[in-house]
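Here's the structure we're looking at; comments come further down.
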Amino acid sequence: MCLWKECIISINNLNKRPVTIIAKKSANGTWCNIAKAIQSLPEYDVNHQDLFTMILTSNTSFLFWKDRWCGTLTLQERFPRLYSLEKKKLCTINDRIKTDGFNWCWKVQQMVDDVLSDFISLCSMISDTNTLPVVNCFRFKLSTDGKYIVHSLRKYLDAKNAILQSGAQINWSKAVPLKIRCFIWRALLDRIPVAANLEIRGIKLQSATCPLCNLEKETDDHLLINCSVARQARGWIFN
């Protein structure tokens with residue numbers, strides 16, 4: 001697992017980057033898709049960082065100023081004046097917090113009163129934060145044991161989506177085959193390859209008319225609900 005982590009960090013050039021950045025923008029592939037999915041969470045009124053608690057380890061590589069390891073904001077956001085005075089802005093927690101105290105590196109020798117008050121608040125805040133000798137660096141708030149579970153997040157997002165859009169919450173039935181569930185999910189997202197969607201993607205077709213009834217344009221709603229052949233098929237099934 002550690003070797004795999006190092007490979008991902010190296011491929012995406014994530015050294016000295018906040019832990020919330022999991023893929024570089026120019027990259028393609030699974031990690032890039034996951035990063036894009038995270039960026040879409042605000043549409044559900046969800047901040048993914050609020051769902052995790054960062055747990056400090058004795059050898060953590062979290063960035064001191066740019067990661068949310070102390071409170072609900074980064075120290076860069078909470079103390080912008082101190083951050084502007086920092087010489088090494090990508091320093092880690094281990095660079096600044098030592099067993100015998102703090103190790104600071106400022107651009108100035110003496111601080112003005114306002115900045116000095118920020119510095120005192122910063123020292124007080126991080127003095128109350130304990131570093132724990134644990135293995136996991138994150139704790140998932142939606143599960144009792146702190147482990148990340150996809151089902152818990154999916155259920156949480158479905159509930160948020162139902163509230164925001166005043167729609168029905170999706171309940172996945174294990175009795176329905178997986179490929180059928182995936183098809184219905186894609187249909188709800190308007191992602192099945194009907195003629196209307198293929199035209200939007202620039203694919204040339206001989207005709208965009210529904211091949212079953214030859215009356216209307218082939219769209220998701222028409223093919224699955226409004227088409228006369230589809231209505232007849234549903235009648236056979238329900239009978």
Q. Run the side-chain contact (heavy atoms from CB on, under 4.5 Å) check on Thr74 and Lys66 step by step: do they pass?
A. CA-CA 6 Å; Thr74 64; Lys66 294 181 176 293; 5.7 Å; no

Q | Any Gln76 side-chain heavy atom under 4.5 Å of Lys89 side chain | A | no

Q. So, do Cys210 and Cys213 sit near enough that their side-chain heavy atoms are less than 4.5 Å apart?
A. yes

Q. Do Val112 and Leu85 sit in the same hydrophobic cluster, where Ile, Leu, Val, Met, Phe, Trp and Tyr count as joined when their side-chain heavy atoms come under 4.5 Å apart?
A. yes

Q.
Ring-plane angle category for Tyr148 and Phe140, please: parallel below 30°, perpendicular beyond 60°, tilted otherwise.
A. perpendicular

Q) Can you check whether Cys91's main-chain N or O pairs, donor with acceptor, with Arg96's side chain at less than 3.5 Å? A) no

Q: Measure centre to centre between the rings of Phe119 and Trp104, then say whether the value is under 6.0 Å.
A: yes

Q. Can you tell me if Thr92 and Asp95 form a side-chain donor-acceptor pair at under 3.5 Å?
A. yes

Q: Decide whether Trp65 and Glu86 meet the rule of one side-chain donor and one side-chain acceptor closer than 3.5 Å.
A: yes

Q. When rounded to the nearest 0.5 angstrom, what distance separates NZ in Lys141 from OG in Ser152?
A. 15.0 Å

Q. Do Arg78 and Asp118 come within less than 4.5 Å of each other through their side chains, counting heavy atoms only?
A. no

(Q) Please list all pairs meeting side chain to side chain donor-acceptor pair (under 3.5 Å) that have one or both residues in residues 193-210, counting only residues at least two apart or in different chains. (A) Asp190-Asn197, Glu199-Lys217, Ser207-Thr209

Q. Is Ile237 linked to Val176 within one hydrophobic cluster, defined over Ile, Leu, Val, Met, Phe, Trp and Tyr using a side-chain heavy-atom separation of less than 4.5 Å?
A. no

**Q.** Trace of the side-chain contact (heavy atoms from CB on, under 4.5 Å) decision for Asp50 with Arg68
**A.** CA-CA 10 Å; Asp50 295 335; Arg68 293 203 319 175; 3.2 Å; yes

Q.
Assigning hydrophobic clusters by single linkage (Ile, Leu, Val, Met, Phe, Trp, Tyr; side-chain heavy-atom cutoff under 4.5 Å), is Ile184 placed with Leu178?
A. no

Q: Check whether any side-chain heavy atom of Leu82 lies under 4.5 Å from a side-chain heavy atom of Met111, and answer yes or no.
A: yes

Q. Which atoms form the tightest heavy-atom contact between Pro211 and Glu218, and what is the distance?
A. CD-OE2, 3.6 Å

Q: Looking only at non-hydrogen atoms, find the nearest pair between Ala196 and Thr219 and report the distance.
A: CB-CG2, 3.8 Å

Q | Interatomic spacing from SG in Cys227 to CG in Asp221 - rounded to 0.5 Å | A | 12.5 Å

(Q) With heavy-atom distances below 4.5 Å as the criterion, would you say the side chains of Ile126 and Leu122 are in contact? (A) yes

Q: Answer whether the closest heavy-atom distance between the side chains of Val115 and Phe79 falls below 4.5 Å.
A: no

**Q.** SB check Arg186 Asp220 (cutoff 4.0 Å)
**A.** no

Q. Atom CG of Asn239 and atom CZ of Arg234: how far apart are they, to the nearest 0.5 Å?
A. 12.5 Å

Q: Taking Arg139 for its side chain and Phe52 for its backbone only, find out whether a donor-acceptor pair lies under 3.5 Å.
A: no

Q. Are Trp236 and Val229 grouped together when hydrophobic residues (ILVMFWY) are joined by side-chain heavy atoms under 4.5 angstrom apart?
A. no

Q. Any chance NZ of Lys107 has more than 12 other-residue heavy atoms, nucleotides or ligands included, within less than 6.0 Å?
A. yes

**Q.** Leu223 and Leu212, any side-chain heavy atoms less than 4.5 Å apart
**A.** yes

Q: Could you go through the side-chain contact (heavy atoms from CB on, under 4.5 Å) check for Leu75 and Asp67 one step at a time?
A: CA-CA 8 Å; Leu75 295 182; Asp67 281 322; over 6 Å; no

Q | Heavy atoms of other groups near Arg191 CZ, more than 12 under 6.0 Å | A | no

Q.
For residues Ile225 and Leu215: do they belong to one hydrophobic cluster (side chain heavy atoms under 4.5 Å, members Ile, Leu, Val, Met, Phe, Trp, Tyr)?
A. no

Q | Minimum side-chain heavy-atom gap Ile149-Leu142 below 4.5 Å | A | no

Q. Are Leu224 and Ile192 close enough, and set up right, to give a side-chain contact (heavy atoms from CB on, under 4.5 Å), and what steps lead you there?
A. CA-CA 11 Å; Leu224 299 176; Ile192 58 176; 4.1 Å; yes

